[in-house]
Engineer: 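After the structure tokens below, expect a handful of questions from me.
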Amino acid sequence: MTGHDSLPLYIPQDVDMAAIKAQVAADGVSAPPAVAPGLLDVVHEAHAKGINLKIVLLDHNPPNDTPLRDISTVVGADYHDATVLTLSPNFVGTYSTQFPRVTLEAGEDIAKTGNPVVSAQHFVHELETPEFPWTGLTVFLLIAVFAAAVGARLLQLHSKRAATSAGAREAGAEAPDRAV
């Protein structure tokens, strides 16, 4: 692991990182031969959409998903603009310099299908789905609440003035009647 010794890694001993990195370097996919063509199609589709995707498929589950993220990180360290998806039968791990972690995690959530090709397709679909503009919504709601508060205050002042002037008119209208 030359060059990556400073990364926090938890990669199981039965995972051959040298072989994985060599396979990914060759065609962008490290997977058993039966599944590799389908995953390669997903990699090509992603490239057509501007996503430099690399896929690693393990045929067994590690104890948890942490090793998959670490594998993705090690593979991704060799590609400055890559997004790496690492799959096992039950877990998903990712790495990317192109997409924020929240997007990657949303993609991970929908990539847990049990079918590696479908999982990879779901992941790519999530990457290309536009994010909801939360900042714009927040700004709009803040302005709307401020405008409503100002409007309520103006109505309150207007009704207070109307009540005061109506009371003064009534007092002025009653005064001549009392004098008589």
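Side chains are part of it too, since the values below use all heavy atoms of this structure and drop only hydrogens, waters and symmetry mates.
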Engineer: Is the backbone N or O of Tyr10 less than 3.5 Å from a side-chain atom of Asp70, with the two atoms forming a donor-acceptor pair by type?
Structural biologist: yes
Engineer: How long is the gap from CD on Glu108 to CZ on Phe91, to the nearest 0.5 Å?
Structural biologist: 12.0 Å
Engineer: So, do Ile11 and Met17 sit near enough that their side-chain heavy atoms are less than 4.5 Å apart?
Structural biologist: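 Yes, close enough: below the 4.5 Å cut-off.
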Engineer: Considering all heavy atoms of both residues, which atom of Gln156 and which atom of Arg153 are nearest to each other, and what is their separation?
Structural biologist: OE1-NH1, 2.7 Å
Engineer: Transitively linked via ILVMFWY side-chain contacts under 4.5 Å: Phe146 with Leu154?
Structural biologist: yes
Engineer: For the OG1 atom of Thr86 and the CG atom of Asp65, what is their distance to the nearest 0.5 Å?
Structural biologist: 11.0 Å
Engineer: Rounded to the nearest 0.5 Å, what separates atom OG in Ser88 from atom CG in Leu58?
Structural biologist: 6.0 Å
Engineer: Tracing side-chain links under 4.5 Å among I, L, V, M, F, W and Y, which residues wind up in one group with Leu85?
Structural biologist: Val29, Val35, Leu39, Leu40, Val42, Val43, Ile51, Leu53, Ile55, Leu57, Leu87, Val92, Phe99, Leu104, Val117, Phe123, Val124, Leu127
Engineer: Within 45 degrees of the axis of the six-membered ring of Tyr79 and under 6.0 Å from its centre: does Lys54 put its NZ or CZ there?
Structural biologist: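 Judged by the rule, Lys54 and Tyr79 form a cation-pi pair.
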Engineer: Does some side-chain heavy atom of Arg69 sit less than 4.5 Å from a side-chain heavy atom of Thr73?
Structural biologist: yes
Engineer: Around atom NE2 of His60, are there more than 12 heavy atoms of other residues, nucleotides or ligands at under 6.0 Å?
Structural biologist: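 For His60, atom NE2 is crowded (more than 12 foreign heavy atoms under 6.0 Å).
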Engineer: Between the side chain of Asn61 and the main-chain N/O of Asn90, is any donor-acceptor distance below 3.5 Å?
Structural biologist: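 At least one qualifying donor-acceptor pair exists.
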Engineer: Closest heavy-atom contact between Asp81 and Gln98?
Structural biologist: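 For Asp81 and Gln98, the tightest heavy-atom pair comes out as O-OE1, 4.1 Å.
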Engineer: Answer whether the closest heavy-atom distance between the side chains of His122 and His125 falls below 4.5 Å.
Structural biologist: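 SC-SC contact between His122 and His125 ruled out.
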Engineer: Check whether the side chains of Thr94 and Ser72 place a donor and an acceptor atom closer than 3.5 Å, and report yes or no.
Structural biologist: no
Engineer: Would you say that Val24 contacts Lys21 through its side chain, given a criterion of any heavy-atom pair below 4.5 Å between the two side chains?
Structural biologist: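 Answer no - side chains too far apart.
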Engineer: At their closest point, which heavy atom of Ser119 faces which heavy atom of Ala111, and how far apart are they?
Structural biologist: OG-O, 2.6 Å
